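Since the structure comes first, as structure tokens, the remarks are kept for the end.
Please read these numbers as outputs of a predicted model, since none were measured by experiment. Atom set for the values below is all heavy atoms of this structure, side chains included, hydrogens, waters and symmetry mates excluded.
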Amino acid sequence: QVQLVESGGGLVQPGGSLRLSCAASGFSLDDYAIAWFRQAPGKEREGVSCISSVDGRTYFDDSVKGRFAISRDNAKNTVYLQMNNLKPEDTAVYYCAAGIELGIPQVEPRDDDAYDYWGQGTQVTVSS
């Protein structure tokens, strides 16, 4: 079964950290850019971070620069989003998405239909 599965969400206090995982099954992430999106209640989904499989370049939205890091472990077929110094405004459902790159780096978030696979989402709540 081809799927992406996110994990690692939860409830954390402001200033805390979480590491989200995006694990692929049924296909290899080796040729796919991975993007993390988030959607807060009443807001549109926004791109948070991306990592290219072609050259490893990364992207971070201004709202998370310096606090979030993205990495990939091809041996585990998994991409991680390390989130530090979390703020209440980071509260959202986080989704990962995989889009084939075919040798051309896709570093920035793209429209939904540019991605081949989506995960089901994991809730992140930042609250005291």
With sequence neighbours excluded, residues passing salt bridge (charged side-chain N to carboxylate O under 4.0 Å, His left out) with R19 = none
Would you call D90 and K87 a salt bridge, using N to O less than 4.0 angstrom?
-> no
Do Y59 and W36 have side chains that get closer than 4.5 Å, going by heavy atoms?
-> no
Please name all residues satisfying salt bridge (charged side-chain N to carboxylate O under 4.0 Å, His left out) with D31, sequence neighbours left out, ordered by chain then number.
-> none
What's the shortest heavy-atom distance between R67 and L86, and which atoms?
-> NH1-CA, 3.8 Å
Check whether any side-chain N or O of S21 sits under 3.5 Å from a backbone N or O of A23 as a donor-acceptor pair, and report yes or no.
-> no
Any donor-acceptor pair under 3.5 Å linking the side chain of N77 with the backbone of A24?
-> yes
Give a yes-or-no answer on whether the side chains of N84 and S17 include a donor-acceptor pair shorter than 3.5 Å.
-> yes
Would you say the side-chain atoms of D55 pair up with the backbone N or O of R57, donor to acceptor, closer than 3.5 Å?
-> yes
Shared hydrophobic cluster, L4 / V2 (ILVMFWY, side-chain heavy atoms < 4.5 Å) | yes
Between D112 and R45, does a side chain to side chain contact (heavy atoms under 4.5 Å, CB included) hold up when you go through it step by step?
-> CA-CA 10 Å; D112 289 3; R45 187 158 57 190; 2.5 Å; yes
Residues G56 and I51: closest non-hydrogen pair is O-CG1, 4.0 Å
Side chains of P14 and P88: does their closest heavy-atom pair fall under 4.5 Å?
-> yes
Distance-minimising heavy-atom pair for G9 and T122 = N-OG1, 3.2 Å
Between CD on residue E101 and OG on residue S53, distance to nearest 0.5 Å | 3.5 Å
Distance-minimising heavy-atom pair for L81 and S49 | CD1-CB, 4.0 Å
In terms of heavy-atom contacts, C50 and P109 come closest through SG-N, 3.4 Å
Does any donor atom in the side chain of E89 or S63 lie under 3.5 Å from an acceptor atom in the other side chain?
-> no
Using a 4.5 Å cut-off on heavy atoms from C-beta on, say whether the side chain of L20 contacts that of M83.
-> yes
Polar contact flag, side-chain donor to acceptor under 3.5 angstrom, Q13-S128 = no
Would you say the side-chain atoms of E6 pair up with the backbone N or O of Q120, donor to acceptor, closer than 3.5 Å?
-> yes
Over all atoms of both residues, closest heavy-atom pair of A98 and L29 = CB-CD2, 4.3 Å
How about V5 and C22: do any of their side-chain heavy atoms sit closer than 4.5 Å?
-> no
Kindly say whether the aromatic ring centers of F27 and Y32 come within a distance under 6.0 Å.
-> yes
Are L102 and I34 grouped together when hydrophobic residues (ILVMFWY) are joined by side-chain heavy atoms under 4.5 angstrom apart?
-> yes
What distance do N74 atom CG and D30 atom CG have between them, rounded to the nearest 0.5 Å?
-> 4.5 Å
Can you check whether P105's main-chain N or O pairs, donor with acceptor, with S52's side chain at less than 3.5 Å?
-> no
How are the rings of W118 and Y95 set relative to one another: parallel (under 30°), tilted (30 to 60°) or perpendicular (over 60°)?
-> perpendicular
Side-chain contact, heavy-atom cut-off 4.5 Å: D61 with F68?
-> no
With no hydrogens and no angle check, is any side-chain donor or acceptor of D73 less than 3.5 Å from a backbone partner on V79?
-> no
hydrophobic_cluster_shared for Y80 and Y117, side chain cutoff 4.5 Å = no
Decide side chain to side chain contact (heavy atoms under 4.5 Å, CB included) for V124 and T91; before the verdict, give the C-alpha distance in whole Å, the side-chain angles of both, and the deciding distance to 0.1 Å.
-> CA-CA 5 Å; V124 171; T91 296; 5.8 Å; no
Those residues that, when tested against Y94, pass side-chain hydrogen bond (donor to acceptor under 3.5 Å, both in side chains) (two or more places apart) | R38
Any side-chain heavy-atom pair from R110 and Y115 closer than 4.5 angstrom?
-> yes
Could you state whether F60 and V126 fall into the same hydrophobic cluster, counting links through intermediate Ile, Leu, Val, Met, Phe, Trp or Tyr residues with side-chain heavy atoms under 4.5 angstrom apart?
-> yes
